[in-house]
Amino acid sequence: MNKLVTEVLQGSVRAMARLITLVENEDPCSLEYLGAIYPHTGNAHVLGITGSPGTGKSTLTDRITTALRRRAQSVGIIAVDPSSPFTGGALLGDRIRMQRASGDSEVFIRSMATRGNLGGLARTTADVVKIMDAFGKDWIIVETVGVGQDEVDIVRTADTTIVVLAPGLGDTIQSMKAGVMEIADLYAVNKADRSGAEALLTEVKLRVEQDAEIKKTLWQAPVLKTVALDDQGTESLLDAVVSHRNFLKQSGNFEIVRREKAREETLSLLKEEISRTMVEKILGNGRFEALIDDIVAFRKDPYTSVQEIVGTIFPDSE
Amino acid sequence: MAGKKRIKVIMAKPGLDGHDRGAKLLARVFAEAGMEVVYTGLRQTPELIVDTALQEDADVVGLSSLSGVHNYFFPRVVELLRGKGLDDVLVVGGGIIPEEDVPGLKDSGVAAIFGPGTRTEDIVKFIEKEVRTQ
């Protein structure tokens with residue numbers, strides 16, 4: 001097996017950090033490394049923390065981490081912040097709020113820039129989760145970028161997702177909208193010492209009751225108050241996360257979800273690989289530019305042309 | 001898949017001084033130059049800074065000091081980095097640092113000291129030139 005992978009499995013922090021970089025850079029070797037890592041994954045519980053900017057995700061991540069450490073659990077944290085769509089650079093500032101957790105040798109924190117990926121995570125965040133999992137972290141916390149309403153990639157990566165809310169950011173209708181509010185296994189109403197927190201709590205509880213009416217799901221998302229800055233409500237929140245984990249295991253949902261995720265992941269890798277290799281080939285044979293000339297001159301249309309190209313690659317697909 | 005290497009910088013303020021305007025400005029300058037910058041905040045110990053560099057697999061550690069602790073903190077960061085096998089991490093410093101301290105800091109392994117008035121584009125250029133290629 002590859003030396004770097006072996007070192008990661010033996011617990012080398014340095015090797016893990018290097019491997020994450022290779023994967024993050026989508027280095028040509030990274031697929032081979034991830035393949036070697038995969039059999040060693042599946043042991044960690046992956047906790048997603050998402051919510052609008054400024055709701056307190058990073059601080060809450062720090063407090064949940066220290067609570068996990070009190071329970072003798074090792075923790076990996078992936079903190080995602082946006083890359084600039086203009087320069088490609090990024091200012092990764094989540095660590096500032098994680099001062100309690102950093103400095104603990106059983107906690108590994110990695111900041112990731114989105115590098116142009118939409119959806120609240122970087123393209124390779126799920127792969128980095130696997131590396132930390134194989135390394136042996138008991139828990140992996142993934143903090144998304146500050147999301148609006150539509151960035152729900154976290155639900156495909158995390159076993160349990162906490163949506164963090166804070167008072168003062170919107171009215172009832174906001175909590176009824178689609179997207180982020182649909183993915184919560186738990187809600188944390190953070191900054192609960194501020195005015196408006198009770199009203200927000202009531203609103204979100206109402207939404208959860210509506211969800212129970214509409215969807216008839218087995219799990220009803222608890223709504224908990226926290227004041228992350230003062231470490232209030234952290235233990236109860238973590239207890240609720242553990243209850244959700246137990247629910248997943250006992251209800252059999254865990255295996256169902258795991259299969260769904262494996263399917264989705266494999267399918268997306270397949271699509272990517274097919275599109276990469278095929279498009280390379282098609283662009284490489286030189287006829288593509290001639291085809292474009294025909295399309296520009298209205299001798300051909302793009303719709304039929306694409307069907308014809310696919311037909312020549314997969315003659316049986318008709 | 002194309003490799004998409006980006007320079008990763010840790011911006012840190014060791015010691016107890018609370019003035020981070022310069023450090024924050026540089027964090028932004030580096031991000032604008034296309035780098036990925038981890039800003040660690042104030043009052044970092046050398047141990048914390050080196051742990052951060054290790055976990056983040058940093059290419060560069062930028063240290064800022066305005067309170068006169070550079071002669072202890074900067075070499076200590078270099079020493080701890082080397083102790084963890086992070087030999088190829090570029091360490092640069094800035095802030096209020098007397099001219100006569102610069103040679104000693106460079107001897108200890110700090111690659112460059114950028115005092116007040118340094119043009120930010122010169123700092124960016126220096127990093128881009130000196131940073132490890134792998």
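All chains are named by letter (A, B, ...) in the order of the sequence lines, taking the proteins before the strands, and each is independently numbered beginning at 1. Just so we're clear, the structure is a prediction, and the values are computed from it rather than from any experiment.
Only the side chain of B:L48 comes within less than 4.5 Å of a heavy atom of chain A; its backbone N, CA, C and O stay farther away. Proximity to chain B (any heavy atom under 4.5 Å) is shown, for A:S84, by neither the backbone nor the side chain. If you measure heavy-atom distances from A:V107 to chain B, the contacts under 4.5 Å come from the backbone alone. Both the backbone and the side chain of B:R28 come within contact range of chain A, with heavy atoms under 4.5 Å apart.
B:Q55 contributes a side-chain N or O that, together with a main-chain N or O of A:I109, makes up a donor-acceptor pair within less than 3.5 Å. B:E36 places no side-chain N or O within 3.5 Å of a backbone atom of A:L92 that could act as its donor or acceptor partner.
Residues B:R6 and A:T87 share a closest heavy-atom pair of NH1-O, 4.1 Å. Considering every non-hydrogen atom in both B:A31 and A:L91, the closest pair reads CB-N, 4.2 Å.
Here CZ of A:R14 is found 11.0 Å from NZ of B:K84. Values are rounded to the nearest 0.5 Å.
Ranked by heavy-atom pairs under 4.5 Å with chain B, the first of A:G93, A:S111, A:G103 is A:S111. In terms of non-hydrogen atom pairs under 4.5 Å with chain B, the most contact-rich of A:T21, A:D94, A:I20 is A:T21. By number of non-hydrogen pairs under 4.5 angstrom with chain A, the leading residue of B:D57, B:T52, B:T40, B:I7 is B:D57.
Using a 4.5 Å heavy-atom cutoff, the side chains of B:D51 and A:S102 are not in contact. In this structure, A:Q99 and B:Q44 have side chains that are in contact, with non-hydrogen atoms separated by less than 4.5 Å.
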